[in-house]
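All figures in this text were calculated on a predicted structure; none of them were measured in a lab. Naming convention: chains lettered A, B, ... in sequence-line order (proteins, then strands); numbering from 1 in each chain.
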Amino acid sequence: MALSRRGLLQLAGAGTLAGADRLLGAFGDMFRPASPLGAATQVITACGVCSPACGIKATVENNALRFVEGLEGDFSGRGRLCGKGAAGAGFLYDPDRLKYPLKRTNPRKGIDEDPGWVRITWQEALDTIAERFGDARKRFGAESLLFVTLPSPDVWLRFMNAIGVVNRIDHIDECFLTDRIIQRYTTGFKSWCNDFENSKYIVLFGWDILAKAKLVYANGIIDAKDNGAKIVCFNPQYSTTARFADEWYSIRPGSDLAVALAMIHVLLAENLYNKEFVDQYTNFGEHENTIRTHFAQYTPEWAERESDVPAEAIRRIAREFGTQGPAIVPAYKKTLCANYQNASQLVHAISILNILAGTIDRPGGRYVARTPAVPGIDAIVPPPPYPPKQGRRVDGKDKLPLVLQDGGGMFSTLADGILNRYPGMIQAGFIMNYTALSFPQPQQTLDALATIPFLAVMDYLPTDTVTYADIALPGTTYFEVSDIMARDYYARQPQYVARTAVVSPLFESRSPGFVALELGKRLAPDYFKNPDGSWINLNAVLDERTKRLGLGENFAEFRAKGIVTREQAFVPRTTFNVPGTTKCQILVPQFKDAGGDPLPVWRPKREIPSAEYPYYYLTYIPAVHKRNSTQNNPILNEMMGTAVASLNPQLAAKLGIREGQRVRIRSRVGEIELPAHLTETVRPDCVLVPHGFGHRSRLLQTAGGKGVRDGDVIPAQSIQQCVDSVNFAGSSCIMDAVVNIEAL
Amino acid sequence: MSERLSAPGDLAVWFAAVGRVLASPDAAAGLRVMAEGLAARANARSGVREELAALWAEFPGDPQEAHREYVRLFLSPGAAPCPLWQSAHGDEPQLMGPSHHSAIEWYRSEGIEPGVENEPADHASLLLVFFAHLLDSGAPAEWIQRYWREHLAWLPKVLARIERETRLPFYARLARVTRERLEEAEAFFRETPA
Ligand code: SF4
């Protein structure tokens, strides 16, 4: 369009814009004289869809994001973005975004209730939240406050610590909690770094690395193969990675532990482990007899009966694993740490395999990121001593000492805690960036949330949980905030990328940091002041972080560089930061003290097929989505907008199910109905359903009402069930379900 | 319909008023003063005076009711998704999409820009007030036609949806009359030689 009508106003004799009478002010109220146009600029920032935070080059014009592309030299994305990252503008510019703070006027809560929102100011929203939380704390103690949020940004954590919060819950029991706990006591570190490129043998239990489309890992595994590594894959699904792998075994769901135990058995029985590493850096010598005796029972023949993987294959794979050069068994998030009731034991067995391979913090193995962490706000402005944490834990994690010590929360037990264990205890709740779909039995969670007298929810979209809020706060997307991203997924040498606010926050959205600071000022002012008595300024804190890391005098200087990489040789660790020792632990006495198994013991998964529920229920996260947070993105929704149940044709024939026919999948806790898709890639005793669909909020115009919630058939749990089943590192059992399937 | 139209300026009065009302949940509450002032300037034969008075008569006694309905319809669309950003209605619904940039170009051609920076420029309220300005300032018919095509053609359908979905006679009337007036304006300029 080429318009050149400037001055028409004057020509037409209609007076000036500022004129009081100009359409009686409508014009002057809404428009102002144009300011000079800026040229399009390129800004370096970092993706915020998933945690490797790939570097982005963003083209910005007139405060609008026009284009995103990968950033050369970045360790995470290596100059590329995955589909989710490339579709990033769809998050920033989602028409359904929460735009202004809203207050509920309809006291009835339900997924189909109209909340009767009215728009309020931030001032009113923050004052109301502070008042309700302050009041609940005064009358019922800190235990009455529930925060469903990650502990980041760290000013949030400071706020929660300052008011003595004991009930901060997050999703990591569905993610990496189990691995973090086990790693702490076996190798001393939880790391995201897997040196696939230098590995010669990679064993994957379940993790569909390629289809997950996390670039940093996908690149790593492709490089590994180029470099001659052998890749072995155990998965009940013939996954994308299975196709790419050298060998694939259709393993019985939940029996990975049996195969891992048998691999350890072979490595020990045939002395194929890395003797030098094991002797020098582990507690094997102290407990050799116990360890050897323990694993003697787990023969490959036994494992074959549990897993359907041939004994000969297990034996050969173990031998190759022990002899073909650097070997690794990566453990990853939802894929296994959280899937089954025996995840604590599985992750422990996996850690032992890596220790026996001698690749802990060695080339070709799991290693500690070399990028020094960004200094926390408490290091920059030391707070007064925090009040002691007193009160009951609504998720019951105090029953699992290692989980309590870890500090992460448990989604899988939250609803039981609110509804059954401690009814009425929670008086005020704050949920940030989580929707009900994140939980097993999401409706039960929503029902639990509905019992909380006051609920505030912050998100950038009007999710199902927002529908239950008394106050809804519009959050920012990653394009609207600034931060320092320390590389921790690929970090053999330090690297930092500047996450830069490429546009100012849309509408009245604000960052979580802003909310923490403002609530902090109202509820615990002493913790939010500088030594001179002025309020903490988060930009000043960011400048100071930048300076302490040597990235620049202030953030603006670092932002101008965008990315900083430091040359540094990779020097393997010789001491390990394990509690009570400097060595890696194969046998972990602390696990016994905490009611767990000091050495991994075979334990079956929670749900075993029965006459009533004869089939395994498997879920997965499609490549084009990130959990349940991306389905409303128009581009990603177009790529995959709803859920189908994948079934093997053999099973379909037995049940009389045709392609596309609707099926009912029922477990002991619920049922879902969705179309069937027939595929040879799933075992005939399983059904596979994607996670992330079934948003109910009508406010989500793209995703709302499409597909079903996979969690509706996945049983949540009580903390007592975790204790009774020796699920001592708190796995949420997020895939531990069996079902009945019928044609409709 | 076009025989009722005495001058584009009368339509401008209606669109300016509606544009202003649609700007925020509480804007309607301030409508009365403006509506009366605007109506006084409209040509008696255009019917705009009466329509504004009739619209005002529908305004609920409790302004909160209008506020809630605005939020339900336009900000958190409940059962009735009627967002007022043009680009939310394109083939690829997205804020700050091509229609935002095109609207900015139109405004800048008049030496102006929206008063609020961090919101899309293709909100119906801005588009309608700017349309009022074009009409009021005697812009050539071809430009008006082009503006209508580029920035208002999507609106009648959304107004029809508002009319169906709203629980308040006030918004139903506002939507209906605005839709009719938009169609009227479009027809008028289509018939007017450039
Ligand atoms: S892998 Fe994709 S979604 Fe994850 S950070 Fe990189 S570009 Fe973003």
Side-chain angles (χ1 to χ4, degrees), chain A residues 1 3-9 11-14 17 22-35 37 61-66 89-90 92-100 102 105 114-119 462 466 472 503-509 634-635 638 698-699 701-702, chain B residues 12-13 16-17 19-20 23-26 34 37-38 41 64 67-68 70-72 75-79 81 83 85 87-88 92-97 100-102 104-120 125-126 129-130 132-134 136-139 143 146 150:
Chain A
M1 185 176 67
L3 290 170
S4 59
R5 305 182 48 239
R6 198 183 299 267
L8 170 90
L9 254 159
L11 288 176
L17 175 60
R22 183 86 187 101
L23 293 170
L24 279 141
F27 205 70
D29 279 358
M30 296 175 63
F31 290 96
R32 66 180 181 203
S35 43
L37 267 188
E61 203 177 356
N62 298 325
N63 199 28
L65 175 67
R66 302 302 296 255
L92 174 65
Y93 294 142
D94 191 321
D96 298 340
R97 274 187 75 159
L98 279 176
K99 300 167 182 85
Y100 312 97
L102 300 170
T105 58
D114 176 357
W117 296 122
V118 291
R119 182 175 158 184
V466 168
V503 294
S504 40
L506 236 67
F507 303 97
E508 289 187 3
S509 58
I635 298 167
E638 197 176 317
R698 292 174 184 169
L699 316 184
Q701 294 186 66
T702 305
Chain B
V13 166
R20 199 64 196 79
S24 80
D26 293 322
M34 194 175 73
L38 282 170
R41 292 179 6 148
Q64 270 301 86
H67 179 118
R68 264 204 299 277
Y70 182 99
V71 175
R72 191 182 73 86
L75 292 179
S76 58
W85 293 275
S87 50
E92 286 175 14
Q94 192 182 78
L95 301 173
M96 310 293 255
H100 159 82
H101 295 284
S102 153
I104 292 266
E105 268 191 72
W106 273 98
Y107 306 153
R108 295 192 76 86
S109 76
E110 291 293 293
I112 55 169
E113 65 186 11
V116 183
E117 280 172 30
N118 51 355
E119 302 199 1
S125 67
L126 289 164
V129 171
F130 186 77
H133 155 70
L134 289 180
D136 191 50
S137 58
W143 290 347
R146 190 152 129 211
E150 290 176 6

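The closest side-chain heavy-atom distance from A:P634 to B:Q94 is not below 4.5 Å. B:L75 places none of its side-chain heavy atoms less than 4.5 Å from the side chain of A:F507. The closest side-chain heavy-atom distance from A:V118 to B:Q64 is below 4.5 Å.
A distance of 10.5 Å separates CG in A:N62 from CD in B:E117, rounded to the nearest 0.5 Å. Rounded to the nearest 0.5 angstrom, A:L37 CG and B:R108 CZ are separated by 3.5 Å. Distance check: A:M30 CE to B:I112 CD1 gives 10.5 Å after rounding to the nearest 0.5 Å. B:H133 NE2 to A:F31 CZ: the interatomic distance, rounded to the nearest 0.5 Å, is 8.5 Å. Atom CH2 of B:W85 is separated from atom CZ of A:R97 by 11.0 Å, given to the nearest 0.5 angstrom.
Here the closest heavy-atom approach between residue B:R68 and residue A:T105 is recorded as CD-OG1, 3.1 Å. Shortest non-hydrogen contact noted between A:L506 and B:M96 is CD1-CE, 4.3 Å. Heavy atoms only, all atoms of each residue included: B:S24 and A:R119 are closest at CB-NH1, 4.3 Å. In terms of heavy-atom proximity, B:N118 sits nearest to A:S504 at CB-OG, 4.1 Å. Closest non-hydrogen pair, A:S35 versus B:E113, comes out as OG-OE2, 2.9 Å.
Neither the backbone nor the side chain of B:S87 comes within less than 4.5 Å of any heavy atom in chain A. Residue contact with chain B, scored on non-hydrogen atoms closer than 4.5 Å, is absent for A:P115. Residue contact with chain B, scored on non-hydrogen atoms closer than 4.5 Å, is absent for A:S509. If you measure heavy-atom distances from A:D94 to chain B, the contacts under 4.5 Å come from the backbone alone. Within the 4.5 angstrom heavy-atom criterion, atoms from both the backbone and the side chain of A:A89 approach chain B.
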Carefully, step by step, assess A:E61 and B:H101 under the rule side chain to side chain contact (heavy atoms under 4.5 Å, CB included). CA-CA 10 Å; A:E61 203 177 356; B:H101 295 284; 5.5 Å; no
